[in-house]
Every structure is written in C-alpha cells, then in structure tokens.
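Take a look at the structure below.
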Amino acid sequence: MLSAAERSLAPVMPSPGFADETDRKRLSATALKAFRRIVAHWDLTSQQAAALLGVSVSTWERLKPESVTKTLSQDQMTRISALTGIYKALHLLFVDAMADRWPMLENTGPLFDRRTPVAAMIVGGIPHMLEVRRYLDAVRGGL
C-alpha cells in the first residue's frame, strides 16, 4: 500500500471527459439513446426536449429518430449526463410512476420556485441541472 506522500507523487491518469472529441464521438450514440428514453419517460414536448439539450426544435427533430447518430458537443454531453443522473436518482427515490411524473409536477421547493423541475432546468441551464442532480442525491442520502 502506498503512503500518502507516495500517492501524491503518483502520476494522475486523466479520466475520459467530454472535452475530448474522440470520447464524445464514442459516447454520443449511447448518450442520445439515453436522452431519447428520458424524453419518452418524462413525456416531454419537442420544445422541452430541445431546450434541455440546448438545441433548436428543428435540430432536435433531426436527432430524434433512433437511426440518427451525431457527435454531440461537450455542452450537450454534459446536459445529458446531468439528466441521466437525475433520472437515475428519481428511480432510486420512487418505486412507482412518480419517478417519471416528478419532473413535470409543480414544485414549491426553493430550487424550483413553483415551476416544474423541467421548466426550472430549461431556464437555469446546465448549472441548474447539476443543482437538481445534487439535490436529488442529497434527498436520497447519496451524499
């Protein structure tokens, strides 16, 4: 076992991230598939799906078919990653259909200001998506 001093000198291996185009190219098809499923489970409109992904409605309509693949941007990958985490946290919190209804229900919590979580995330973008993910992780005791 390495001492603390030895661990601090050990080379740090970079983790795969969304900044590298090779990683994004490799992960984009799976990310889009996950996003399409979230859109279906949460019963989002095309406008909501496009806004959450950070694209125009016409771009979302082109990306919607299962047969379409495209290398996503770092921003889009980050958005899908956050939404996937939210989806997973909701399914750990709720054992019934509430997991998929919750994002579309008005919420009086301070993060939402009487809006639905989806509406709040559309307005707040990536920072708010990450806040919602942290909030749900805290509620389920995952912190």
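Atom set for the values below is all heavy atoms of this structure, side chains included, hydrogens, waters and symmetry mates excluded. This structure is a prediction, so every number in the text was calculated from the model and none was measured.
Cluster annotation: Val57 is not connected to Leu53 through the hydrophobic network of ILVMFWY side chains, with a link wherever side-chain heavy atoms come within less than 4.5 Å.
Here the closest non-hydrogen pair linking Pro117 and Pro103 is CD-O, 3.3 Å. When all heavy atoms of Lys70 and Ser28 are compared, the pair lying nearest together is O-CB, 3.1 Å. Taking every heavy atom of both residues into account, Ala50 and Ser56 meet most closely at CB-O, 3.6 Å. Of all non-hydrogen atoms in Ala120 and Phe112, the two that sit nearest each other are CB-CD2, 4.0 Å. Counting all heavy atoms, side chain and backbone alike, Trp60 lies closest to Ser46 at CD1-O, 3.7 Å.
Residue Ile86 holds its CD1 atom at 4.5 Å from CE of Met121, rounded to the nearest 0.5 Å. Leu32 CG to Ile80 CD1: the interatomic distance, rounded to the nearest 0.5 Å, is 5.0 Å. Rounded to the nearest 0.5 Å, atoms NZ (Lys88) and CZ (Arg140) are 7.0 Å apart. Between Glu106 atom CD and Asp113 atom CG the span is 9.5 Å, to the nearest 0.5 Å. Taking CG of Asp43 as the reference point, atom CE of Met104 lies at 7.0 Å (rounded to 0.5 Å). In this structure, Lys33 NZ and Thr69 OG1 are separated by 13.0 Å, a value rounded to the nearest 0.5 Å.
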**Request:** Step by step, work out the salt bridge (Lys or Arg N to Asp or Glu O under 4.0 Å) result for Glu61 and Lys64.
**Result:** CA-CA 5 Å; Glu61 291 298 330; Lys64 200 175 357 180; 3.3 Å; yes

In a table with atom names and distances, give each donor-acceptor pair under 3.5 Å that connects a side chain of residues 90-101 to protein atoms at least two apart or in another chain.
{"unit_1": "His91", "atom_1": "NE2", "unit_2": "Tyr87", "atom_2": "OH", "d": "3.4"}
{"unit_1": "His91", "atom_1": "NE2", "unit_2": "Asp100", "atom_2": "OD1", "d": "2.9"}
{"unit_1": "Asp96", "atom_1": "OD1", "unit_2": "Met98", "atom_2": "N", "d": "3.0"}
{"unit_1": "Asp100", "atom_1": "OD2", "unit_2": "His41", "atom_2": "ND1", "d": "3.3"}

Only distances under 3.5 Å count here; give the side-chain donor-acceptor pairs of residues 122-130 to other protein atoms, sequence neighbours excluded, each with its distance to 0.1 Å.
{"unit_1": "His128", "atom_1": "NE2", "unit_2": "Leu111", "atom_2": "O", "d": "2.9"}

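Residues Leu72 and Phe35 are not in side-chain contact: their nearest non-hydrogen atoms beyond the backbone lie 4.5 Å or more apart. Side-chain contact between Val68 and Arg36: present, with at least one pair of heavy atoms (C-beta onward) separated by less than 4.5 Å.
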